Each structure stands twice: as C-alpha cells, then as structure tokens.
Amino acid sequence: MASFENTMQDADDVSKESGTAPQERSIGLIIAEANNLSAEQVERVLAHQRTSGLKFGEAAIALGLVKGEDVVWALSQQFHYPYSASGSKQSNAELVMANQPFGEQAERFRVLRRQIIMRMFSGEAPKRAVAVVSPDSGDGKTFFAANLAIAFSQLGGRTLLVDADMRSPRLHEIFGINNSSGLSGILAGRPESNVIHPLADLPSLFVMPVGTQPPNPTELLERPAFGLLMQELVNKFDYVIVDTPAASFGADFAVIAARCGAALALARKDKTSVDALKDMSAVLNNTPGSLVGVVMNEH
C-alpha cells in the first residue's frame, strides 16, 4: 500500500508542477539564446531586418547565422508546441512526433488523435485510459503508443505513458529514462517512488516504466492493485496511454485493456493475419474494455 501511495504522491506532484504557465518571450530572444548568438550578431540581424523588411528569423537565416529548422523550433517554443529540434534532439529516432512533428507520419497521428478524442473524450462518458494492443511482437505497438502519447501531450494536457509490457519492455530505452523502479514494483507492493518520469523536451508528457521484469506478469496484472492504480492515474492525468504485450504472449493484453476501459488495436500490413486480428478482437469483446478502433501500421 505504501508503494501505491508513493505513486499517487508522484502523480500529485506532477499535477502541481505542470500547472506553471510558461513565460512569454520574443522569437528573436528564443533564437538568439538557442543558437548562442552574440550581441554583435544579434545587432547584425536587427540591422539586416531593418533594411530588408524581413522577420528576425528570416534575417538570421539570410545572414547564415541560423538554419531554417532553428527558426521552426523557436516558433514551436513561442507557441508552446514542444518538440525536439534535430540540431539538439536527445530523443530516439522512433519518436517521429518529437523529432519530425510537421512530417507526414506526424500528421497521421494527429488525425488519429482527433478520432480518439471524438470517440472517447466527448460528451459525459467517464474518463478511460487507452491500451494499445496487437496480435504479435514486431507489429510496432511500442512505437505507436509512444508517438500517440506525444501527440496527446502536444495538446497541452498532462499525458501519461505507462509501460505495462512486462514481457519485453522498451519504453525506458526509447525515452532514455531510469528503469530501476516502475509498474512491476508498485503491483508487487514494494515501497517505490519517483516512478513517473517527466521529460525535459516534452513538458506535458510523463512516462512510467515497467521497472524490474517480474516472473509472474499476468498474476500481477490480475491483482486489484492494477485496477485501482489505473483509476487513480486516469483521475490525475488528462490522457493515459498504455503499452501492452502482444496477444501472442497470453492474456496480459486483455487484462490491461479491461482495466484501462478502452483498447486501440494495431495491425501490421502484410504481416498480421485476419484470423489473428479477429481472435484478439473476440477476446477483447468479452472484457469490460471497449475496442475503439483498429489501425493499420504500414511500416
């Protein structure tokens, strides 16, 4: 119980910290600070801006002091749209929503985000978490869950990404966070804290890793503690996305989906069989969790 209370305190701390409004800064100041422009260089940009009629960022590009992507990143900061600029990114290449937020793949995640919001977060329906499920390993489920969580976080609401794949967890590797403690310890009743990790480049996104891989993941997930934990997390965060083990590993995915209340199925083009997808859907239909959609991964 102490472990559960520590986790809820982590969630409360997250809620308080993320409520701070960012300070407004000019685009010129953001560009100058991010690119370490000297006072002399800034004056050159301003002088060129006055004579050419260009904006600060355009003038800086024309003088060769910054790159176009630097200006796009600065604009994202001014409009509070977090992502990792390619020149300074520390995130994994799989995180296309963080590294390439204006690309084709990112736009597809935005379309999907809108569809999920319309199906799950409109009206007076109770809040639910979304479990991302798929029939087999290698379907791209972790890639999908991570980028979907980033997409929701870019709306500005507090978003929690939970790694519930206690068979082969990867989210801690993708986000570069400590995995010494996490979900498994909470469910086992160990006194763990600091299991919810904030991300510097994505200030509205938080990640809960698996922690130590347990020998009995299904039994841990079946315990009442997991359901209670999910209820509390849904109340503390605006959006909760949960990564799961593949259905081929057994019942874990269905247990997680039931506790989350909703599942989004992922199928991989030219790999996922129709029968496997039907079997997984049939299992989900026998749980309290609803299947809100099926997405085709074309990569």
Side-chain angles (χ1 to χ4, degrees), residues 14 18 34 67 69-70 72-74 76-77 80-113 116 129-134 136-184 194-213 237 239-246 264 266 268-269 271 295-299:
V14 163
S18 59
K67 299 177 181 179
E69 62 191 27
D70 297 326
V72 173
W73 179 84
S76 75
Q77 301 305 297
H80 315 309
Y81 184 79
Y83 83 100
S84 299
S86 59
S88 61
K89 67 184 179 185
Q90 300 176 354
S91 56
N92 189 287
E94 292 185 63
L95 303 179
V96 295
M97 285 300 298
N99 301 324
Q100 305 166 35
F102 311 112
E104 182 179 347
Q105 276 187 299
E107 191 56 38
R108 291 177 181 176
F109 275 106
R110 290 191 190 93
V111 171
L112 180 61
R113 178 185 66 192
I116 294 173
V130 182
V132 178
V133 302
S134 75
D136 300 301
S137 297
D139 288 334
K141 185 166 27 56
T142 299
F143 160 83
F144 184 84
N147 282 286
L148 184 63
I150 295 174
F152 273 102
S153 75
Q154 288 173 337
L155 291 175
R158 298 184 306 276
T159 303
L160 177 65
L161 176 60
V162 179
D163 196 343
D165 183 356
M166 290 188 278
R167 306 280 181 168
S168 54
R170 284 206 314 120
L171 285 177
H172 63 284
E173 296 176 355
I174 292 177
F175 286 96
I177 61 176
N178 190 312
N179 192 41
S180 59
S181 61
L183 177 64
S184 64
N194 299 321
V195 296
I196 298 176
H197 297 262
L199 302 174
D201 288 344
L202 301 164
S204 294
L205 180 62
F206 304 85
V207 180
M208 178 187 291
V210 159
T212 304
Q213 283 185 251
F237 291 87
Y239 308 105
V240 179
I241 310 297
V242 183
D243 191 18
T244 70
L264 187 64
L266 186 67
R268 190 170 185 179
K269 185 178 181 180
K271 180 185 176 185
V295 179
M296 178 68 72
N297 180 8
E298 298 182 352
H299 298 277

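Heads up: numbering here begins at 1 and tracks the sequence. These numbers were taken from a predicted model, which means no experiment stands behind them.
- Taking CG of Leu95 as the start and CG of Asn147 as the end, the distance is 5.5 Å to the nearest 0.5 Å.
- Not a single donor-acceptor pair under 3.5 Å links the side chain of Asp139 to the backbone N or O of Lys141.
- The side-chain heavy atoms of Leu202 and Met97, taken from C-beta on, include no pair separated by under 4.5 Å.
- Here the CG atom belonging to Leu160 is positioned 8.0 Å from the CG atom belonging to Leu205, to the nearest 0.5 angstrom.
- Across all their heavy atoms, Ala246 and Ser137 have their closest contact at CB-N, 3.5 Å.
- Met296 and Arg268 get closest at one heavy-atom pair: SD-C, 3.8 Å.
- Between the Thr244 side chain and the Val132 main chain, a donor and an acceptor come within less than 3.5 Å of each other.
- Looking at Ser184, its side chain never comes within 3.5 Å of a backbone N or O of Gly182 through a donor-acceptor pair.
- Between Leu148 and Leu264, some side-chain heavy-atom pair lies under the 4.5 Å cut-off.
- Heavy-atom minimum distance, Ser134 versus Asp136: OG-O, 3.3 Å.
- The distance from the CG atom of Leu199 to the CZ atom of Phe206 is 8.0 Å, given to the nearest 0.5 Å.
- Scanning both residues, Ser204 and Gly156, for their nearest heavy atoms gives OG-O, 3.5 Å.
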Mind listing the side-chain donor-acceptor pairs of residues 167-177 below 3.5 Å, one per line with the distance, residues two or more places apart or on another chain?
residue: Arg167; atom: NE; partner: Asp252; partner atom: OD2; Å: 3.0
residue: Arg167; atom: NH2; partner: Thr218; partner atom: OG1; Å: 3.1
residue: Arg167; atom: NH2; partner: Asp252; partner atom: OD1; Å: 3.2
residue: Arg167; atom: NH2; partner: Asp252; partner atom: OD2; Å: 3.3
residue: Ser168; atom: OG; partner: Asp165; partner atom: OD2; Å: 3.4
residue: Arg170; atom: NH1; partner: Glu94; partner atom: OE2; Å: 3.0
residue: Arg170; atom: NH2; partner: Glu94; partner atom: OE1; Å: 3.2

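- With sequence neighbours left out, Phe152 forms a ring-ring contact (aromatic ring centres under 6.0 Å, His included) with Tyr239.
- In this structure the side chain of Val207 never reaches within 4.5 angstrom of the side chain of Asp163, judged on heavy atoms.
- For the atom pair CD1 (Ile150) and CG (Leu155), the distance works out to 12.5 Å, reported to the nearest 0.5 Å.
- Contact annotation: the side chain of Val162 never approaches that of Phe237 to less than 4.5 Å [non-hydrogen atoms, C-beta and beyond].
- A search for side chain to side chain donor-acceptor pair (under 3.5 Å) contacts involving Asp243 returns Thr142, not counting sequence neighbours.
- Residues Pro245 and Ala164 come closest through the heavy atom pair CD-O, 3.7 Å.
- Side-chain contact between Asn297 and Phe144: absent, with no pair of heavy atoms (C-beta onward) separated by less than 4.5 Å.
- The shortest heavy-atom contact between His197 and Asn178 is NE2-O, 3.4 Å.
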